[in-house]
Amino acid sequence: MSIPFITAPEAADFVKNGDNVGLSGFTASGTPKVVTTAIADKATAEHAKGNPFKINLFTGASTNDYTDGALARADALNFRTPYQSCPDLRKSMNSGRTHYADAHLSELAQKLRYGFFGKINVCIIEAQDVTEDGEIVLGTGVGNVPTFAMMAEKIIIELNSTIHPKIRGMHDVYMPLDPPYRREIPVYKPSDRIGSEVLKVDPKKIVGIVRTDNPGHVAPFSPLDETTMQIGANVCHFLASELKAGRLPKEFLPLQSGVGNVANAVLSGLAADATIPAFTMYTEVVQDSVLKLMEQGKCTFASTCSLSLSDDGLHEFFGNIDFFRDKVLIRPGEISNNPEIVRRLGIISMNTALEADIFGNVNSTHVLGTKMMNGIGGSGDFTRNAYVSIFSCPSITKGGLISNIVPMVSHLDHSEHSVAVLITDQGIADLRGKDPLQRAETIIE
């Protein structure tokens, strides 16, 4: 069969009011850009005619302004899950115009297959290549697209010419069986390949291919400041002391790192610390700082769900792709964040808190307990199952007007039972083996 080439507005015509739509990608990486914008334009046109038009959107994680931003501004989102980071969508959610179900990222794919959310009507996939028999070379993020594509009635391919052809071979597409037939997932070190380098779909479901040369846009994180650099130094000091005490094996353990300035500061600090040996990563995102760690020989391999790189970082990655090809595997979110693998590999998890209380509970989602910021993301997948779980945040924000260490968190995402270590620019609070009073004393100290 021959798959037709269509325009973005023609692709948008396949999406109907009330449809469940699944997207490839994880963060802005691998997420469609032109078809989603066309869907937003369709929603605006339908609303102008007095017609209802809203979709239910399922993704791997956050997306980009071409998706969450455009659709939120067009009031085209009825329901959204599992994670977002877009200011316009945040306003829509917190005002009640969009229903948002915050969820652990590792769980959405299997919940969809279990039937908890109904069927997927349309799946939109950013790809580097697609063949007539339905073999798709994905872009820089995978997310939940294997499940979306399997379940979808219709598939639209967004073929992006800005993705380097040599990305083929860097994906590891694997979908576990569902209970009662599920077996162990055979990842015993981050570099173990268990799946396919391409996503295989039924070609009869592909209704069209939309060509684009839109590379997207991801701004770099703000430069490191004194506070974030001090947090990074404190994390490195903690890890080095754990090595010296023998509580970490001399070979070290794989790292997981969240997204943002604090995470970048921690990774930058690891590069400069000679006491920390070369390490691997089993994580959900690879940021610009990881590329530098690889170039320095500090990070030898990274298993991830996406290459969440700035424009400059993506240019560096594609420009030096022969160097990075054997150092990165890009997997689906239910594998990159899988609790069984996290526990078995002994991951050191490093995530960011909005606020923490003096008993070790962490709020990572709600400002003042009521306004959703982004969501829990993958932090719970890793925190609850880590060899040692670390949360970091500045001790104060808003120029010292707000303390991020509070008597009791206003919203609880990670309980004291999961949080092992709390680190700010002020110091390190090791909470392991302490009762509530001792934890409070340690954090206050």
Side-chain angles (χ1 to χ4, degrees), residues 11-12 14-28 31-105 107-109 111-112 116-124 141 143-145 147-148 151-152 156 216 259 333 354 363-380 410-411 413:
F14 286 103
V15 180
K16 310 301 180 186
N17 178 48
D19 273 359
N20 286 348
V21 178
L23 303 185
S24 66
F26 192 98
T27 68
T31 301
K33 302 167 181 69
V34 296
V35 176
T36 48
T37 305
I39 296 170
D41 291 341
K42 177 179 179 178
T44 300
E46 290 297 313
H47 295 162
K49 298 173 188 175
N51 298 328
F53 188 92
K54 282 192 173 188
I55 63 171
N56 305 310
L57 190 63
F58 300 83
T59 63
S62 57
T63 62
N64 50 33
D65 191 63
Y66 304 102
T67 299
D68 280 337
L71 291 168
R73 289 189 292 272
D75 196 22
L77 291 174
N78 171 61
F79 173 80
R80 180 74 171 85
T81 195
Y83 184 81
Q84 60 76 43
S85 62
C86 172
D88 289 316
L89 177 54
R90 190 178 303 130
K91 290 176 188 174
S92 183
M93 290 158 28
N94 286 321
S95 66
R97 293 197 310 276
T98 298
H99 304 290
Y100 175 64
D102 191 27
H104 297 293
L105 299 187
E107 296 181 357
L108 179 60
K111 286 181 176 178
L112 277 160
F116 296 171
F117 295 97
K119 60 187 178 182
I120 295 292
N121 302 102
V122 181
C123 174
I124 308 170
N144 291 317
V145 73
T147 292
F148 298 154
M151 293 180 61
I156 297 165
V259 180
L354 282 179
N363 170 17
S364 60
T365 60
H366 285 73
V367 177
L368 301 177
T370 58
K371 296 296 184 183
M372 171 62 72
M373 176 59 74
N374 297 332
I376 196 168
S379 57
S410 55
H411 175 91
D413 293 297

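No experiment lies behind these values; they were computed from the predicted model shown.
A search for salt bridge (charged side-chain N to carboxylate O under 4.0 Å, His left out) contacts involving D41 returns nothing, not counting sequence neighbours. Evaluation of the side chain to side chain donor-acceptor pair (under 3.5 Å) rule for K119 yields E153 as partners, not counting sequence neighbours. For the ring pair (Phe, Tyr, Trp, His ring centres under 6.0 Å) test, residues two or more places apart in sequence or in another chain that qualify with H366 are H411. Every residue two or more places apart in sequence or in another chain was checked for a side chain to side chain donor-acceptor pair (under 3.5 Å) with S62, and none qualifies. Residues satisfying the salt bridge (charged side-chain N to carboxylate O under 4.0 Å, His left out) test with D413, not counting sequence neighbours, are none. Residues that satisfy the salt bridge (charged side-chain N to carboxylate O under 4.0 Å, His left out) test with R90, not counting sequence neighbours, are absent from this structure. Checked against salt bridge (charged side-chain N to carboxylate O under 4.0 Å, His left out), K111 has the following partners two or more places apart in sequence or in another chain: E107. Applying the side chain to side chain donor-acceptor pair (under 3.5 Å) rule to T370 yields no partners; only residues at least two apart in sequence or on another chain are considered. Qualifying side chain to side chain contact (heavy atoms under 4.5 Å, CB included) partners for A103, counting only residues two or more places apart in sequence or in other chains: T81, P82. In this structure T44 satisfies the side chain to side chain contact (heavy atoms under 4.5 Å, CB included) test together with A74, sequence neighbours excluded. Residues satisfying the side chain to side chain donor-acceptor pair (under 3.5 Å) criterion with D19, sequence neighbours excluded, are absent altogether.
Of all non-hydrogen atoms in N144 and L105, the two that sit nearest each other are OD1-O, 4.4 Å. Shortest non-hydrogen contact noted between I120 and G22 is CG2-N, 4.1 Å. Smallest separation of non-hydrogen atoms from Y100 and Q84: OH-N, 3.5 Å. Shortest non-hydrogen contact noted between N17 and K54 is OD1-N, 2.7 Å. The two residues E46 and F53 make their nearest non-hydrogen contact at CB-CB, 3.9 Å. The nearest pair of heavy atoms linking G375 to T365 is C-CG2, 3.3 Å.
Atom CD1 of I39 is separated from atom CG of L77 by 9.5 Å, given to the nearest 0.5 angstrom. Note that NZ of K91 is 12.0 Å distant from NZ of K371, once rounded to the nearest 0.5 Å. We find the CG-CG distance between L89 and L71 to be 9.0 Å, quoted to the nearest 0.5 Å. Annotation: the span from D88 atom CG to D65 atom CG amounts to 6.5 Å, rounded to 0.5 Å. Atom CG of L23 and atom CZ of F148 lie 7.0 Å apart (nearest 0.5 Å).
For residues 57-77, the pairs satisfying ring pair (Phe, Tyr, Trp, His ring centres under 6.0 Å) are F58-F79, F58-F117, with sequence neighbours left out.
Of the residues D68, T36, T27, T31, the one that meets the side-chain hydrogen bond (donor to acceptor under 3.5 Å, both in side chains) test with T63 is D68.
Looking at N20 and N121, their side chains never bring a donor and an acceptor atom within 3.5 Å of each other.
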